[in-house]
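One is the number of the first residue; the rest follow in order along the sequence. Just so it is clear, the structure is predicted and the values come from calculations on it, not from any experiment.
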Amino acid sequence: MSMTDTGMAPESSYDIIRRTLETYGLETLSQTVHDLVFRENILDGNILMGRVRETDAYRQRFSANEARRKAGLNVLSEPEYLAQEDVYRNLFRNAGLPANMFNDKTVTDMLISNDVSPEEASGRIEQAYSAVANADPEVISEMRRLYNIDDGSLAAYFLDPERMRPTLVRQAQAAQIAG
């Protein structure tokens, strides 16, 4: 390999793809890329990424893209997809929603699949907080007493009661054990 103007050897296609896979959370595909490069002698980065995109791990990681394709929406590039996930997570965090509600990617995947804009997601969060503010004070007081939860958790419950119910039950059990 020849040296670049900076005095450093240029990165190989394998190194570029390996680093990219790490960025995507797909480190497990490094061996697949290694085999493609060193066993199948595929050195073109575009061909390597094309083959990576055919793997089950890739399809699972970027699963909302398939739903988008089926719905007739444009597929997001990997950087766009990751940026969209970050926007949603920051929105949830800044709104004070509980981290455990959105730690797994099913919520962000659902939002990406359905082409929900950050503005629309923000509006839904505002509606959930409004529901908390306008709910029967006795019900809210009882939920606070039973589950020891804050407004963010209550808003998350209004956003997705089925998803939050197990969390609330665990909190209630922990409170009983502590008591």
Side-chain angles (χ1 to χ4, degrees), residues 1-95 97-125 127-128 152 155-157 159-167 170:
M1 237 179 233
S2 64
M3 300 296 246
T4 65
D5 291 338
T6 62
M8 298 174 59
E11 278 189 291
S12 68
S13 293
Y14 170 76
D15 288 334
I16 293 168
I17 298 296
R18 182 187 46 74
R19 189 171 28 84
T20 301
L21 290 174
E22 289 172 3
T23 302
Y24 298 167
L26 292 171
E27 301 85 11
T28 58
L29 293 179
S30 289
Q31 184 60 49
T32 300
V33 171
H34 181 274
D35 293 346
L36 291 169
V37 170
F38 294 104
R39 291 194 178 146
E40 296 185 35
N41 201 30
I42 298 174
L43 300 177
D44 182 287
N46 291 324
I47 295 172
L48 282 170
M49 275 309 296
R51 295 287 295 272
V52 164
R53 288 180 181 118
E54 294 172 356
T55 65
D56 289 338
Y58 177 91
R59 287 185 182 130
Q60 184 177 358
R61 173 63 183 91
F62 296 99
S63 60
N65 269 340
E66 185 57 30
R68 290 178 65 83
R69 184 184 343 271
K70 287 179 181 175
L73 299 169
N74 290 331
V75 171
L76 301 178
S77 70
E78 293 87 0
E80 290 171 327
Y81 196 106
L82 296 174
Q84 196 71 12
E85 287 178 332
D86 286 343
V87 166
Y88 292 132
R89 285 190 194 107
N90 286 331
L91 180 65
F92 302 150
R93 186 176 16 264
N94 292 338
L97 297 177
N100 65 339
M101 181 176 179
F102 299 105
N103 273 345
D104 72 48
K105 59 189 231 63
T106 53
V107 172
T108 55
D109 279 354
M110 184 263 317
L111 293 169
I112 291 170
S113 295
N114 293 309
D115 205 29
V116 176
S117 71
E119 294 78 15
E120 184 178 346
S122 180
R124 292 178 187 182
I125 292 169
Q127 288 174 345
Y157 180 79
L159 280 169
D160 193 347
E162 291 304 313
R163 184 178 186 81
M164 284 305 294
R165 187 169 286 116
T167 300
R170 278 194 308 276

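- Between Ala155 and Ala128, the shortest heavy-atom distance links the atoms O-CB, 3.4 Å.
- Remark: Glu80 engages no residue in a salt bridge (charged side-chain N to carboxylate O under 4.0 Å, His left out) (not counting sequence neighbours).
- Distance check, rounded to the nearest 0.5 Å: OG1 of Thr106 to CG of Leu111 gives 9.5 Å.
- Under the rule for a side-chain hydrogen bond (donor to acceptor under 3.5 Å, both in side chains), the partners of Asn90 that lie at least two apart in sequence or sit in another chain are Arg93.
- Glu66 has its side chain out of reach of Ser113: every pair of non-hydrogen atoms, C-beta onward, lies at least 4.5 Å apart.
- Note that the CZ atom of Arg19 and the OG atom of Ser30 stand 12.0 Å from one another [nearest 0.5 Å].
- The two atoms that bring Ala121 and Val116 nearest to each other are N-CG1, 3.9 Å, heavy atoms only.
- Atom CG of residue Leu48 and atom CG of residue Leu43 lie 7.5 Å apart, to the nearest 0.5 angstrom.
- Annotation for Asn74: atom CG does not count as buried by contact number, only 12 or fewer foreign heavy atoms lying within 6.0 Å.
- With sequence neighbours left out, Phe62 forms a ring-ring contact (aromatic ring centres under 6.0 Å, His included) with Tyr24, Tyr58, Tyr81.
- Atom OG of Ser122 is separated from atom CD of Gln127 by 10.0 Å, given to the nearest 0.5 angstrom.
- Residue pairs meeting the salt bridge (Lys or Arg N to Asp or Glu O under 4.0 Å) criterion with at least one member in residues 110-119, sequence neighbours excluded: Arg68-Asp115.
- Separation of atoms CG (Asp86) and OG1 (Thr108) is listed at 9.5 Å; rounding is to 0.5 Å.
- Shown here are the side-chain contact (heavy atoms from CB on, under 4.5 Å) partners of Glu22, two or more places apart in sequence or in another chain: Arg18, Glu27.
- Under the 4.5 Å side-chain criterion, counting only non-hydrogen atoms from C-beta, Gln60 is not in contact with Asp56.
- Here Ile125 pairs with Leu91, Phe92, Ala95, Leu97, Tyr129, Leu159 under the side-chain contact (heavy atoms from CB on, under 4.5 Å) rule; sequence neighbours left out.
- Counting only heavy atoms from C-beta outward, the side chains of Val37 and Ile42 never approach each other to under 4.5 Å.
- When the side-chain contact (heavy atoms from CB on, under 4.5 Å) test is applied to Val75, the partners found at least two apart in sequence or on another chain are Asn65, Arg69.
- To the nearest 0.5 Å, atoms NE2 (His34) and CG (Leu29) are separated by 14.5 Å.
- Between the Thr20 side chain and the Ile16 main chain, a donor and an acceptor come within less than 3.5 Å of each other.
- Partners of Thr23 under the side-chain hydrogen bond (donor to acceptor under 3.5 Å, both in side chains) rule, at least two apart in sequence or in another chain, do not exist in this structure.
- For Arg53, the side-chain hydrogen bond (donor to acceptor under 3.5 Å, both in side chains) partners at least two apart in sequence or on another chain are Glu78.
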Take Asp35 and Gln31 through the test side chain to side chain donor-acceptor pair (under 3.5 Å) and record every step on the way to the result.
-> CA-CA 6 Å; Asp35 293 346; Gln31 184 60 49; 2.8 Å; yes
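- Under the salt bridge (charged side-chain N to carboxylate O under 4.0 Å, His left out) criterion, Arg124 pairs with Glu120, not counting sequence neighbours.
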Hey, mind stepping through Leu21 and Arg61 against side-chain contact (heavy atoms from CB on, under 4.5 Å) and telling me if it holds?
-> CA-CA 11 Å; Leu21 290 174; Arg61 173 63 183 91; over 6 Å; no
